Protein chains: 2
Amino acid sequence: MKKTTAIVLGLCTSLAAGVAVSQEAGSAAVEARHHQMEMIAYNTGILGGMAKGEMDYNAEMATSAATNLHAMAMLDRATLWVEGTEQGAVEGSRAKAEIWSDPETFDAKFKALQDASAAMMEVAGTDLDGLKGGMGAIGKACGDCHDTFRGPRN
Amino acid sequence: MKKTTAIVLGLCTSLAAGVAVSQEAGSAAVEARHHQMEMIAYNTGILGGMAKGEMDYNAEMATSAATNLHAMAMLDRATLWVEGTEQGAVEGSRAKAEIWSDPETFDAKFKALQDASAAMMEVAGTDLDGLKGGMGAIGKACGDCHDTFRGPRN
């Protein structure tokens, strides 16, 4: 906790001062985004595994995964997608600069995942067909955003 | 995504079948919990840094951090705190077995963070004094739960 606190100091100070984010603070934001993406992948993996028949359908688990997927998609982006943390500026980042130069399109791409996961929350626990029906929009949202706003592997 | 999907297969299959969770699936759940905890630490670090005066107060950032802290505390635990993933059973886990043998107390400890972060969402963006006033309950919730349910470093 102490280390994390230290790391984010520069982030907030920089933002408050309107200056470029420090390398250390930028790294903390990029790491936080990666935690967000890993959680999205974890929950999508549970739903996708059931949809593909690679695991048994379980209504409680499916609803839990859909609920958490939606929560991760709904996170406030001000402390995560911090300007100055694009690929090339901060090690480990694959975020394209267009995220910040074209925020309307980025918002729309994120909203597609928010909407798809909200819809999945409604159907995941009903039955396997419901879950399967909701899966396409989630996969499309992930792919569309990555195609547009994620750079090549570092 | 493919790797994650593969990893969680065993998790859901095991749960559906009511058998012990596999090592691989257990590791995926433990990793997901660690992402959750890291996100809690990231957002608490931003709030704590402002409360201690180690960084300038910024209402937008404070509200964003409080909002995301609450979202992380509210995640559904069915797919995260999976039985059979206590310390000793899965590498990297520091979760005490009491989490599963005494779920009522675990619920209550988690609810303390949910309540404290909900209260923080209301005050974080008002002013620095409001933020400071909400900080104690968050720190207490973290500490109480760790003291009770987190084992020693691995």
Side-chain angles (χ1 to χ4, degrees), chain A residues 1-17 25 28-29 31-32 34-50 52 54-58 60-72 74-80 82 139 142-143 146, chain B residues 1-17 25 28-29 31-32 34-50 52 54-58 60-72 74-80 82 139 142-143 146:
Chain A
M1 189 71 84
K2 286 207 170 98
K3 187 191 158 205
T4 305
T5 303
I7 288 170
V8 296
L9 295 186
L11 172 63
C12 293
T13 306
S14 302
L15 287 172
E31 272 183 36
H34 289 172
H35 293 307
Q36 178 186 25
M37 290 297 147
E38 289 285 349
M39 289 290 269
I40 288 172
Y42 178 70
N43 290 292
T44 304
I46 292 171
L47 295 165
M50 290 184 194
K52 292 180 212 156
E54 295 169 337
M55 67 180 84
D56 291 341
Y57 173 72
N58 178 308
E60 187 207 356
M61 290 286 285
T63 299
S64 175
T67 302
N68 289 349
L69 173 60
H70 185 63
M72 299 312 298
M74 291 296 292
L75 289 181
D76 187 277
R77 292 197 291 277
T79 39
L80 293 168
V82 178
C142 292
H146 288 161
Chain B
M1 188 70 83
K2 285 209 170 95
K3 187 190 158 205
T4 304
T5 303
I7 287 170
V8 297
L9 296 186
L11 173 62
C12 293
T13 306
S14 302
L15 287 172
E31 272 183 36
H34 289 172
H35 292 307
Q36 178 186 24
M37 291 296 148
E38 290 284 349
M39 289 290 270
I40 288 172
Y42 178 71
N43 290 292
T44 303
I46 292 171
L47 295 166
M50 291 185 194
K52 291 181 213 156
E54 294 170 339
M55 68 179 85
D56 291 342
Y57 174 72
N58 178 309
E60 187 207 356
M61 289 285 285
T63 300
S64 175
T67 302
N68 289 348
L69 173 60
H70 185 63
M72 298 312 297
M74 291 296 290
L75 288 182
D76 188 276
R77 292 198 290 277
T79 39
L80 293 168
V82 177
C142 291
H146 288 159

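First the proteins, then the strands, lettered A, B, ... as listed; each starts at 1. This one's a predicted model, so the numbers in the text were calculated from it and none came from an experiment.
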Checklist line | Proximal component of B:M72, with respect to chain A [non-hydrogen, under 4.5 Å] | finding: side chain
Check: Which one of A:A32, A:S64, A:A62, A:A71 has the most heavy-atom pairs closer than 4.5 Å to chain B?
Finding: A:S64
Checklist line | B:D76 backbone acceptor or donor facing A:N68 side chain under 3.5 Å | finding: yes
Checklist line | Side chain A:Y42, main chain B:T79, donor-acceptor under 3.5 Å | finding: yes
Notebook entry, point to check: Which value, rounded to the nearest 0.5 Å, describes the distance between A:E38 atom CD and B:H35 atom NE2?
Noted result: 4.0 Å
Note to self: Just to verify, what does A:T67 make a side chain to side chain donor-acceptor pair (under 3.5 Å) with, not counting sequence neighbours?
What the structure shows: none
Next item on the list: Of all the heavy-atom pairs spanning A:M61 and B:A78, show the shortest one and how long it is.
Entry: SD-O, 4.0 Å
Check: Which residues satisfy the side-chain contact (heavy atoms from CB on, under 4.5 Å) test with A:A65, sequence neighbours excluded?
Finding: A:N43, A:I46, A:L47
